[in-house]
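Report on the structure given below.
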There are 2 protein chains.
Amino acid sequence: MSPEEHPAPPATPGKKARLSRELVLSAALALVDAEGLDALTMRRLGHELGRDPMSLYRYAANRAALLDGVSELVLNELAIIPDDPNWQAQLRRIAHDLRLLALRHPNVVPLLVTRPLSTPLGLRPLGTLRPLEQILSLLIDAGFAPDDALHVYRAYYGYLYGHILNELQEFVVDPDENEALLRLGLHRLPPKDFPRLRALAPVLADYDGMAELDEGITILLSGLAARLSLPGAPAGPSDLSGA
Amino acid sequence: MSPEEHPAPPATPGKKARLSRELVLSAALALVDAEGLDALTMRRLGHELGRDPMSLYRYAANRAALLDGVSELVLNELAIIPDDPNWQAQLRRIAHDLRLLALRHPNVVPLLVTRPLSTPLGLRPLGTLRPLEQILSLLIDAGFAPDDALHVYRAYYGYLYGHILNELQEFVVDPDENEALLRLGLHRLPPKDFPRLRALAPVLADYDGMAELDEGITILLSGLAARLSLPGAPAGPSDLSGA
DNA sequence: GCCTACAGTCTACACTGTAGAGAAGTTGTT
DNA sequence: AACAACTTCTCTACAGTGTAGACTGTAGGC
């Protein structure tokens, strides 16, 4: 929309180094992080790399595949699982890691959430399935029967993604404003229809996503452990609240 | 891509009835339900309604607004809250309703999940905020302090959306195939790297989303009730498992 | 040196959202 | 009935999209 040109390929020194899938994907990720998903067009990415847009098709079959590649790249940042036998601690750590990852790449989250809806399990990029496999491993090694492991995984991962989505969408409109209502743009809501929401503006405005996630995880994991009557220490709240 | 033409506007009888926002939005929803989000282009929708594409701009400022309208339309199908004082039962019912709604309109789910990430609370279509307001009301009426109500809402809604996403992405590739591995397309995964996942194919293939949701809700709600030490009956598993 | 692959480029096409001007239709007033 | 004011709808045009297909340049092997 805005007529501004995008200045130049960031002055790549060794001008014409060969491309590679890694190069293409990380440029794509950088672009998405910096300017959002819509900015990631083939032409723009080509421009960013100082190459013709069509050259990208050597490294990704089409735009969708490029997006898959970006998802995969991001999920690869998620370190997984030394052999800690304490599954609850392990899952809690992963949850916090994934949350931070999402906060670091908020523009990619829609991809993580949306692409799997149109790609059957077996056709997903392997990198996006690795967390699943490894969490299953973790749980089975901790003593769960395979079906129960899957069960736990589903509840856990479901909640985790839900939390992340929740947290990412409660963002602040105008950080300079110090009236809570205005910071969140809630003043536009008709007071008759939305009294509770408006009244909660101050509480909404300071949201401790990390603490909420931690508590939710605690509830969920200890609940699951109880139900499956399994190798679970009582799973008290973790001690991360200072980080 | 495919050269097939889309046959004709479904032979609207009173040919040139005036358009209206409701008409436009419900045609849009029908189109999305039938052919997916990508099929919803201005030209195509115009064609479907027997009108010039540009006429749509009287009823939605642009494509994004159209999508918001569709989200809103879908969420309006969610009936909310007679004055049942049993908040747990109430939230459980809403969860199942929303799940069914999502299953009825799977192609809209990406919108429900994605649009709020780029629209601050105060600027969302009012219809999408109503569930939030009403659930808050429900909880506060049930005796929660406002902050706690928000707290419960976040955990609850987070989990709920997470579950729905989870369930929708575990879909079957080839229902005719009776080997579980093949039905899910899992045979493409390298056995060395994904032993657990492959072994779980049969369990994956029959997923009782409703039961899983119900159990997760039970765990979460009773956990929350316990933590907030509040008006909560023990919240045993519900009796919906036969529907 | 030529030969074979592959990497990168160019051109072209069908399709997208939407600005802007105008035509057609509807409604209210006399 | 005739005009005016207003709304709804249509037409044309444009800049931008993904990508097919043919082409050019370059790198390595002998």
Side-chain angles (χ1 to χ4, degrees), chain A residues 1-7 9 12 14-28 31-32 35-71 107 110-111 114-115 118-119, chain B residues 1-9 12 14-28 31-32 35-70 107 110-111 114-115 118-119:
Chain A
M1 295 267 172
S2 57
E4 333 167 24
E5 296 285 320
H6 293 289
T12 341
K15 250 302 161 94
K16 287 292 172 185
R18 281 257 242 80
L19 281 185
S20 71
R21 185 169 160 88
E22 290 69 36
L23 250 167
V24 170
L25 291 183
S26 61
L31 187 51
V32 171
E35 307 190 28
L37 275 177
D38 290 346
L40 181 56
T41 71
M42 302 309 259
R43 293 186 209 316
R44 179 70 195 283
L45 182 55
H47 175 79
E48 220 67 27
L49 289 163
R51 287 296 187 314
D52 187 282
M54 291 308 286
S55 68
L56 303 174
Y57 288 89
R58 298 270 156 198
Y59 306 98
N62 48 44
R63 185 166 188 265
L66 190 70
L67 296 177
D68 277 337
V70 172
S71 305
N107 295 335
L111 287 185
T114 268
R115 301 275 326 146
S118 45
T119 323
Chain B
M1 297 260 170
S2 57
E4 332 166 23
E5 296 283 320
H6 293 289
T12 341
K15 251 299 163 87
K16 287 293 175 186
R18 281 255 242 77
L19 282 183
S20 70
R21 183 167 162 92
E22 289 71 35
L23 249 166
V24 169
L25 290 183
S26 59
L31 188 51
V32 171
E35 306 188 30
L37 274 177
D38 290 346
L40 181 56
T41 69
M42 302 308 258
R43 286 166 166 78
R44 179 70 196 284
L45 183 55
H47 176 79
E48 220 67 28
L49 289 164
R51 287 297 187 313
D52 186 281
M54 290 308 286
S55 67
L56 303 175
Y57 288 89
R58 295 275 149 192
Y59 305 99
N62 49 43
R63 185 164 188 268
L66 191 69
L67 295 177
D68 277 337
V70 172
N107 295 336
L111 287 186
T114 270
R115 300 276 324 146
S118 43
T119 323

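Computed over heavy atoms, backbone and side chain alike; hydrogens, waters and symmetry mates excluded. Letters A, B, ... are given to chains in the order of the sequence lines, protein chains preceding strands, and every chain is numbered from 1.
Partners of B:Thr41 by side chain to side chain contact (heavy atoms under 4.5 Å, CB included), not counting sequence neighbours, listed by chain and number: B:Arg43, B:Arg44. Under the side-chain hydrogen bond (donor to acceptor under 3.5 Å, both in side chains) criterion, B:Glu22 pairs with no residue, sequence neighbours left out. Annotation: side chain to side chain contact (heavy atoms under 4.5 Å, CB included) contacts of B:Arg58 (sequence neighbours excluded): none. In this structure, B:Arg63 has no side-chain hydrogen bond (donor to acceptor under 3.5 Å, both in side chains) partners at least two apart in sequence or on a different chain. Evaluation of the side chain to side chain contact (heavy atoms under 4.5 Å, CB included) rule for B:Leu66 yields B:Val24, B:Leu25, B:Leu40, B:Met42, B:Leu45, B:Ala60 as partners, not counting sequence neighbours.
A distance-only check finds no donor-acceptor pair linking the side chain of B:Asn107 to the backbone of B:Leu37 [under 3.5 Å]. Judged by distance alone, the side chain of A:Ser55 and the main-chain N or O of A:Asp52 form a donor-acceptor pair under 3.5 Å.
Spacing between atom CZ of A:Arg58 and atom C1' of D:dT19 amounts to 13 Å, rounded to whole angstrom units. Note: CZ (B:Arg51) to P (C:dA24) measures 16 Å, nearest angstrom. Rounded to whole Å, the distance from CG on A:Asp52 to C1' on C:dA12 is 13 Å. Summarising the geometry, the separation between OH on A:Tyr57 and P on D:dC23 is reported as 21 Å, rounded to the nearest angstrom. Between A:Arg18 atom CZ and C:dT9 atom P there is a gap of 13 Å when expressed in whole angstrom units. Atom P of nucleotide C:dA19 and atom CG of B:Leu56 are separated by 13 Å, given to the nearest angstrom. C:dG17 atom C1' lies 19 Å from atom OH of B:Tyr59, rounded to whole Å. With rounding to whole Å, B:Leu45 atom CG is found 18 Å from C:dC15 atom P.
For D:dT17, the OP1/OP2 oxygens have a side-chain nitrogen or oxygen of A:Arg43 closer than 4.0 Å. OP1 or OP2 of D:dT17 has at least one side-chain nitrogen or oxygen of A:Thr41 nearer than 4.0 Å. Applying the 4.0 Å criterion to OP1 and OP2 of D:dG18, one finds that A:Arg63 has a side-chain N or O inside that range.
Among the duplex regions that DNA chain D forms, those built from at least three successive Watson-Crick or G-U pairs under 3.5 Å are C:1-30 with D:1-30, ordered by first number.
Mapping A:Pro53 and B:Pro53 onto DNA chain C by nearest heavy atom places A:Pro53 at the nucleotide closer to the 5' end. Nearer the 5' end of DNA chain D, as judged by each residue's closest nucleotide, is the contact made by B:Leu19, out of B:Leu19 and A:Met42. Ranked by how close their nearest DNA chain D nucleotide is to the 5' end, A:Asn62 and B:Ser20 are led by B:Ser20.
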